[in-house]
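Throughout, residue positions are numbered sequentially from 1 according to the sequence presented.
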Amino acid sequence: LLYTPTWKVWRGDQDILQLDKAALYAYRNKTIGFAFQGHHLLGHFTARENIVLPFLFDDSQVDEWWIRHLTEYLGIMHLMDQKVHTISGGEKERVGIVKALAHKPPILILDEPGDSLHIELRQKLYALIQSYAQDNIVILTSHSAELQESLQLAPVQYADAIQFYRPLSHAVETPVE
């Protein structure tokens, strides 16, 4: 969503790519949460500063209860005042996931979620993802058969060696066109 392609992206009755840059950035900031495999956090900022940074770009309020809930659930509450460059890769991954979820986006994009976590934390993360996906769109990229099994994902379509999954509860017998 950083450039204007020749195709269209519709949300409701609006092509969001027709928005000006400022409106597009605001839309992306409020609507999409990203957590990348490489974390993409600011190392000299604290975990908390990284998590709330997106709120500085709009007029929304930080939901302290939600952030506290997420950080406690993922076991990083004790790291909130620590500079990110001093924490482990798994801790950075969890900070990135909380940052992606902090503003409760209707679309969540996760790149290799749980890749840096031990089995117990991965399972907790997968449960969180599954719960969040009940009312929101969650897009995952992963090579993990464990993730596929834990989230009960079933293949529904193949295109250019990319697999598209949907929850088994929504699986259909014929591929989605």
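- Within 6.0 Å of CD in Glu64 there are more than 12 heavy atoms belonging to other residues, nucleotides or ligands.
- Annotation: Asp20, atom CG; neighbour count of heavy atoms from other residues, nucleotides and ligands within 6.0 Å is above 12.
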What pairs of donor and acceptor atoms, side-chain ones from residues 49-56 against any protein atom, are under 3.5 angstrom apart with sequence neighbours left out?
{"from": "Glu49", "atom 1": "OE1", "to": "Thr46", "atom 2": "N", "distance (Å)": "2.8"}
{"from": "Glu49", "atom 1": "OE1", "to": "Thr46", "atom 2": "OG1", "distance (Å)": "3.4"}
{"from": "Asn50", "atom 1": "OD1", "to": "Leu42", "atom 2": "N", "distance (Å)": "2.7"}
{"from": "Asn50", "atom 1": "ND2", "to": "Leu42", "atom 2": "O", "distance (Å)": "3.0"}
{"from": "Asn50", "atom 1": "ND2", "to": "Thr46", "atom 2": "O", "distance (Å)": "3.1"}

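- Between Pro105 and Asn136, the shortest heavy-atom distance links the atoms O-OD1, 3.6 Å.
- The distance from the CG atom of Leu41 to the CD atom of Glu93 is 10.5 Å, given to the nearest 0.5 Å.
- Here CG of Leu117 is found 6.0 Å from CZ of Arg94. Values are rounded to the nearest 0.5 Å.
- Among all heavy-atom pairs drawn from Gly96 and Ala35, the shortest one is O-CB, 3.9 Å.
- Note on ring orientation: taking the six-membered ring where Trp is involved, the planes of Phe36 and Phe34 are parallel (angle under 30°, cut-offs 30° and 60°).
- How far CG of Leu121 is from CD of Glu91: 9.5 Å, rounded to the nearest 0.5 Å.
- Atom-to-atom distance recorded for Ile137:CD1 and Ile107:CD1 is 4.5 Å, nearest 0.5 angstrom.
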Using a 3.5 Å cut-off and no angle test, enumerate the donor-acceptor pairs between side-chain atoms of residues 70-78 and protein atoms at least two apart in sequence or in another chain.
{"from": "Thr71", "atom 1": "OG1", "to": "Ile67", "atom 2": "O", "distance (Å)": "2.9"}
{"from": "Thr71", "atom 1": "OG1", "to": "Arg68", "atom 2": "O", "distance (Å)": "3.1"}
{"from": "Tyr73", "atom 1": "OH", "to": "Lys124", "atom 2": "O", "distance (Å)": "3.0"}

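- Side chains of Tyr132 and Lys104 form a contact here, defined as non-hydrogen atoms less than 4.5 Å apart.
- Among all heavy-atom pairs drawn from Gly33 and His103, the shortest one is CA-CE1, 4.1 Å.
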For this session: Evaluate side-chain contact (heavy atoms from CB on, under 4.5 Å) for Val95 paired with Lys92, printing each intermediate quantity in order.
Result: CA-CA 5 Å; Val95 169; Lys92 289 175 184 172; 5.6 Å; no

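- Hydrophobic clustering (side-chain heavy atoms under 4.5 Å, transitive across Ile, Leu, Val, Met, Phe, Trp, Tyr) keeps Ile119 apart from Leu128.
- In this structure, Leu101 CG and Lys99 NZ are separated by 12.5 Å, a value rounded to the nearest 0.5 Å.
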